[in-house]
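Below, each value reflects all heavy atoms present in this structure, side chains not excepted, and no hydrogens, waters or symmetry copies. Within every chain, numbering begins at 1; the chains are lettered A, B, ... in the order of the sequence lines, protein sequences first and strands thereafter.
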Protein chains: 2
Amino acid sequence: MGRDEFIDACKQVGLNVTYQRIAIFNKLMEHTDHPSADDIYKEVRQDYPTISLATVYKTLETLAKHDLISKVTYLHDIARYDGTSEAHHHLVCIKCKKIIDIDSNALDAIGIPAGVPGNFRILNYRVQFDGICESCESASTEQE
Amino acid sequence: MGRDEFIDACKQVGLNVTYQRIAIFNKLMEHTDHPSADDIYKEVRQDYPTISLATVYKTLETLAKHDLISKVTYLHDIARYDGTSEAHHHLVCIKCKKIIDIDSNALDAIGIPAGVPGNFRILNYRVQFDGICESCESASTEQE
DNA sequence: GTGCATGCAAACCGTTTGCACAATA
DNA sequence: TATTGTGCAAACGGTTTGCATGCAC
């Protein structure tokens, strides 16, 4: 998505178009990696020295909420532990944050896909399924 | 792994066997879900009221480092953002923390595996490959 | 007895929030 | 002008650290 498309997209979802939002979005699009809020802040501040870190956070959250960008943090932001040391796969309920192990031979048979660059030595992999668990599903029949 | 095996394993990797470590490990093994350090702390404290949260953190980290348990936090603990709003898959370098997108049709074709309970509504999924990127690989020929 | 482990409190860091001011539509 | 966004600073929550005491070996 380019600058003009971004402006259009903002208008479509009812967001004011501010130079901060444009600057943050542009910086994000310049990255092929996945910068943190602080990374973005440091870069944008070179062009707009008065911008605040709080604005960067708020803007990124706002844009992500409207699906103009995406937030790339798997699972939750607090550490979780598991009694086994083997990597396995998880179901994560996006509502109640419950984590359910899955043990599937089908998944383990995925193997290394074609898209992976050969110079990256893969040690392990894991699949995370995001969804809604049974109890949250039934609870949300009424809820927002 | 049971209590006795755990004690043996500690000895094998050169860790002192303390009642705190045993208590923390036991609590963790009682869980089928993935408790946080604080969850474990609250439970262990019922049996050992003098235990501290710092000990729980240190113990979990120590046990994870020696592969007696595993830490289940995908990616990093700080939020990362991405200019696209589509879910995709990632290579994560465990050394330099770099995140590389992969775009593989093979992965997208995984589908829902057999091990997934039918009452969990899956909205999305993503695969994370952990490994070592090219530059860290060559750098680590010398390093610790 | 030596060295590793624990417990406490304070520090730390990423993130969020409240509120006054400023900019957008 | 009404509403939404920004910037500052303070608060927050999970996690880590320094250090003195205590325990395992």
Presence of [X] side-chain N/O under 4.0 Å of [N] phosphate oxygens OP1/OP2:
{"X": "B:T59", "N": "C:dT6", "result": "yes"}
{"X": "B:T55", "N": "C:dG7", "result": "yes"}
{"X": "A:Q20", "N": "C:dA23", "result": "no"}

When you get a sec, tell me which of [options] is the closest nucleotide to the side chain of [X]?
{"X": "A:T18", "options": "D:dC8, D:dG5, C:dG7", "result": "D:dG5"}
{"X": "A:A37", "options": "D:dG7, C:dT15, C:dA5", "result": "C:dT15"}
{"X": "A:R21", "options": "D:dC8, D:dA24, D:dG5", "result": "D:dG5"}
{"X": "A:Y57", "options": "C:dG7, C:dT16, C:dA5", "result": "C:dT16"}
{"X": "B:K58", "options": "D:dC19, D:dG7, D:dT6", "result": "D:dC19"}

Quick one: does [X]'s side chain have a donor or acceptor within less than 3.5 Å of a partner on [Y]'s backbone?
{"X": "A:E43", "Y": "A:I40", "result": "no"}
{"X": "B:D39", "Y": "B:S36", "result": "yes"}
{"X": "A:T55", "Y": "A:I51", "result": "no"}

Starting from the C-alpha separation in whole Å, work towards a yes-or-no answer on side-chain contact (heavy atoms from CB on, under 4.5 Å) for B:L60 and B:K71.
CA-CA 8 Å; B:L60 290 170; B:K71 190 172 180 177; over 6 Å; no
Select base, sugar-phosphate, or nothing to describe what [X] touches, counting heavy atoms under 4.0 Å on all strands.
{"X": "B:T62", "value": "nothing"}
{"X": "B:L53", "value": "base"}
{"X": "B:T50", "value": "sugar-phosphate"}

By nearest nucleotide on DNA chain C, pick out whichever of B:P49 and B:L15 is the more 5' one.
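Counting from the 5' end, the first nearest nucleotide belongs to B:L15.
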